[in-house]
Amino acid sequence: MVVGVGLGVKRIIKEKDCEGAAAGFDNIKKEDVFLDRVEKNCLYVRRMQLHISPSMRSITISSNNGFTDLMKIKVAARHISYRTLFHTILIVAFLLPFVFILTALVTLEGANKCSSFDCFGRRFGPRFLGRVDDSGKLVRDFYKIFNQVITEEIPDGLKLPDSFSQLVAELKNNQYDAKTFAFSLRAMMEKLEREIRESKVSELMNRHFAASSIPKGIHCFSLRLTDEYSSNAHARRQLPSPELLPVLSNNSYHHFVLSTDNILAASVVVTSVVRSSLEPEKVVFHVITDKKTYAGMHSWFALNPVASIVVEVKGIHQFDWLTRENVPVLEAIESHHDFRNYYHGNHIAGANLSNTTSRSFASKLQARSPKYISLLNHLRIYLPELFPDLDKVVFLDDDVVIQRDLSPLWEIDLQGKVNGAIETCKGEDEWVMSKYFKNYFNFSHPLIAKHLDPDECAWAYGMNIFDLRAWRKTNIRETYHFWLKENLKSNLTMWKLGTLPPALIAFKGRVHPIDPSWHMLGLGYQSKTNIENVKRAAVIHYNGQSKPWLEIGFDHLRPFWTKYVNYSNDFVRNCHILES
């Protein structure tokens, strides 16, 4: 008995092979199998024959030429019933064509496009045959190649594409091997990283120069007021008036000290204190400036008196105590070549920019502001000598705004400490409020490692309540001078971040932490400052490069400062000072 099993396999082949298709499937050459673009199709049917012996004891599967036996099965008749044999034959006859199809489709190559039935077999056939997706292996192979490329030098003369699409095009046209592709990709990424880093450094340098320079409007403002001092007698009137002079040493008043050469900033600080005070008649301001700014500063407060409060304006040159004999270290700082070169020289030379983050580089630039070698910035350390009759003062920086009555500060019990300040090692803002001694000092220096704890919490300048009576019983000034000298001797290797580090050492053990709500930091460098927190803070501090009077200031934070600027004033208006 012979059972014929037909299997049709449709293939698109060249016309010259259609005639020989009947001679056997093996005559179809691999290169003859092509895509649907060929004009003619041929249908070749290969037939397999199933021979069952008369005794039903053997089954033979042969090719259509009748000569080649593909498979021969012997059957033990006494163990298999005719019904079982019949069902077995049917199952084998049904499955065999599909096995043949799937095997043929997997084996054949060169078919980039296929009919719907062929694609079904091509996509799902390998799964039935135990073949799985090898994309994971491909990724592992790429990882091995990339890992090898990382440790090797990029070949000289490797031409880098300008874009990823160009890389893909060159990969196709030049038939890159995997390693060449990996080298090209690595070289492109390193080039982009360099360009981004250089761009960021350039941006930070421009911001640094903008922050260190004097805006045209503020320079105009100072010059016009200085000119007014020389031509207008009213601008030269005594501050305060003679009858108010005793108030300057009266400890029943609330004394504020402000040291600055920025007239506009000083006016904002004074105005904001007065508007926020519940008892402005008890406020006394001691404004200290340098010699070149004194005339303009005096003119402003003489021509624009602030109601109810007492304002004193003094220049450094007017303090008899501030002589070279009393401040030899600061004189050395101003004239020391290395110091001047550090603050006024090339800020990029010697810097390893490849291993420096943009945030770290910005901090280093900020620390190299020329203001840090100005005596005005070190003046805080001499408060007991400058105001020998006062018991307690609040020292304010010129980049702060007062939004709440500060009179309760005088009621705080400092518990014998000298300096009431907020700590900067804990708070909501992890960038601003995460400062420890290790952020300011070089603990690889033996003196620093010996005397300081890297995990000790730092505190902030900007708004400090100083108990001058307790201060006069200490050696804070001498300690400050000692460490400045040591840093000079070590070629500035102990710290390089302004005037706070030596103060952290000098006031060590003499700082009383006050509630953080009194003083909010970071408005000059943290653009993501929480506005609601800004509104609640008693004092907001624009420490950092983005001062509110500069164009690089943050637009959403500037209004908290500008609302205290009198834009109707002729000097302000005529100098076109930034308004927002």
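- Under the 4.5 Å side-chain criterion, counting only non-hydrogen atoms from C-beta, L523 is in contact with M520.
- The minimum heavy-atom distance linking S259 with L379 is given by the pair OG-CD2, 3.7 Å.
- With hydrogens and angles ignored, the 3.5 Å screen pairs no side-chain donor or acceptor of S308 with any backbone N or O of E281.
- Taking the six-membered ring for Trp and the full ring otherwise, the centers of H451 and W483 sit less than 6.0 Å from each other.
- Taken from NE2 in H512 to CD1 in I412, the straight-line distance is 6.5 Å, to the nearest 0.5 Å.
- Remark: D570 CG is packed, more than 12 non-hydrogen atoms of other residues, nucleotides or ligands lying under 6.0 Å away.
- The two atoms that bring Y440 and A458 nearest to each other are CE1-CB, 3.7 Å, heavy atoms only.
- In this structure, L557 and P548 have side chains that are not in contact, with every pair of non-hydrogen atoms separated by 4.5 Å or more.
- Applying the disulfide (SG to SG under 2.5 Å) definition to pairs two or more places apart or across chains, those involving residues 189-246 are C220-C575.
- A salt bridge links E456 and K508; the closest N-O separation between the charged side-chain nitrogens and carboxylate oxygens is under 4.0 Å.
- The heavy-atom pair separating A266 from M297 by the smallest distance is CB-SD, 3.9 Å.
- We find the CD1-OG distance between I402 and S277 to be 11.0 Å, quoted to the nearest 0.5 Å.
- Residues S241 and E243 have side chains that bring a donor and an acceptor to within less than 3.5 angstrom of each other.
- In this structure, R236 contributes its side chain and Y229 its backbone to a donor-acceptor pair below 3.5 Å.
- The residues E190 and R186 are annotated as salt-bridged, a charged nitrogen and a carboxylate oxygen being separated by less than 4.0 angstrom.
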inquiry  = Please evaluate residues T260 and L376 with respect to the criterion side-chain contact (heavy atoms from CB on, under 4.5 Å), reporting the C-alpha separation (whole Å), side-chain torsions for both, the decisive distance (0.1 Å), and the verdict.
reply    = CA-CA 7 Å; T260 180; L376 281 175; 5.9 Å; no
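- Put simply, the side chain of L192 does not reach to within 4.5 Å of the side chain of R194, judged on heavy atoms.
- The aromatic rings of H556 and F554 sit tilted relative to each other, their planes meeting at an angle between 30° and 60°.
- Taking the six-membered ring where the residue is Trp, H255 and H286 present parallel rings, their angle staying beneath 30° rather than reaching 60°.
- Residue K216 places its NZ atom among 12 or fewer non-hydrogen atoms of other residues, nucleotides or ligands, all under 6.0 Å distant.
- For W549, the ring pair (Phe, Tyr, Trp, His ring centres under 6.0 Å) test picks out W561, with sequence neighbours left out.
- With rounding to the nearest 0.5 Å, the separation of CE in M188 from CD in E193 is 12.0 Å.
- Within the 4.5 Å cutoff, no side-chain heavy atoms of V274 are placed close to those of T271.
- Annotation: the span from E385 atom CD to R472 atom CZ amounts to 8.0 Å, rounded to 0.5 Å.
- Of all non-hydrogen atoms in T474 and W471, the two that sit nearest each other are OG1-O, 2.7 Å.
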query = Is there a side chain to side chain donor-acceptor pair (under 3.5 Å) between N543 and D397 once you walk through the steps?
reply = CA-CA 9 Å; N543 58 312; D397 281 1; over 6 Å; no
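- Checking D398 against N262 by side-chain atom types alone, no donor-acceptor pair falls below 3.5 Å.
- Side-chain atoms of D405 and S276 include no donor-acceptor pair closer than 3.5 Å.
- Within the 4.5 Å cutoff, side-chain heavy atoms of L386 are placed close to those of L322.
- For the residue pair Y480/H378, the side-chain donor-acceptor check at 3.5 Å is satisfied.
- In the displayed structure, I214 atom CD1 is contacted under 6.0 Å by at most 12 heavy atoms of other residues, nucleotides or ligands.
- Side-chain atoms of Y567 and R573, non-hydrogen and from C-beta on, never get closer than 4.5 Å to each other.
- Of all heavy-atom pairs between T289 and Y294, the closest is CG2-CA, 3.5 Å.
- Look at E423 and K435 and you find no salt bridge, because none of the NZ, NE, NH1 or NH2 atoms lies under 4.0 Å from a carboxylate O.
- If you check the side chains of H541 and D399, you find a donor sitting under 3.5 Å from an acceptor.
- Between the side chain of N251 and the backbone N or O of D391, at least one donor-acceptor pair lies under 3.5 Å.
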inquiry  = The test is side-chain contact (heavy atoms from CB on, under 4.5 Å); show your working for E486 and I448 and say whether it passes.
reply    = CA-CA 10 Å; E486 291 300 320; I448 295 295; over 6 Å; no
task = Starting from the C-alpha separation in whole Å, work towards a yes-or-no answer on side chain to side chain donor-acceptor pair (under 3.5 Å) for T493 and N491.
result = CA-CA 6 Å; T493 58; N491 197 26; over 6 Å; no
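- Of all non-hydrogen atoms in L414 and V418, the two that sit nearest each other are CD1-O, 4.0 Å.
- A donor-acceptor pair is defined here as one N or O able to donate and one able to accept, closer than 3.5 Å; no such pair exists between the side chain of N442 and the backbone of K438.
- At least one side-chain heavy atom of K292 sits under 4.5 Å from a side-chain heavy atom of D261.
- Using a distance-only test at 3.5 Å, with no hydrogens or angles considered, a donor-acceptor pair links the side chain of S267 to the main chain of L264.
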side-chain contact (heavy atoms from CB on, under 4.5 Å) between I540 and Y542, worked out = CA-CA 7 Å; I540 55 175; Y542 291 86; 3.9 Å; yes
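- Here the side chain of Q318 pairs a donor or acceptor atom with the backbone of G315 at under 3.5 angstrom.
- For S299 (side chain) and L225 (main-chain N/O), a donor-acceptor pair under 3.5 Å exists by modelled atom type.
- Here the straight-line distance linking atom OH of Y382 with atom CD1 of I288 works out to 13.0 Å at 0.5 Å rounding.
- When atom types are taken as modelled, the side chain of S222 and the backbone of H219 share no donor-acceptor pair closer than 3.5 angstrom.
- Under 4.0 Å is where a charged nitrogen must lie from a carboxylate oxygen, and between R558 and D555 at least one such pair does.
- Here F571 and W300 keep their ring centres 6.0 angstrom or further from each other.
- Ring pair W459/F507 is perpendicular by interplanar angle, where above 60° counts as perpendicular and below 30° as parallel.
- Using a 4.5 Å heavy-atom threshold, the side chains of F437 and L504 count as touching.
- In this structure, S546 OG and E551 CD are separated by 12.0 Å, a value rounded to the nearest 0.5 Å.
- The main-chain N or O of K417 is never found under 3.5 Å from a side-chain atom of R510 such that the two would form a donor-acceptor pair.
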inquiry  = Using side-chain contact (heavy atoms from CB on, under 4.5 Å), reason through M433 and L521 one step at a time and then give a plain yes or no.
reply    = CA-CA 8 Å; M433 305 298 287; L521 298 161; 4.2 Å; yes
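- Checking side-chain atoms of R469 against main-chain N and O of L390 turns up no donor-acceptor pair under 3.5 Å.
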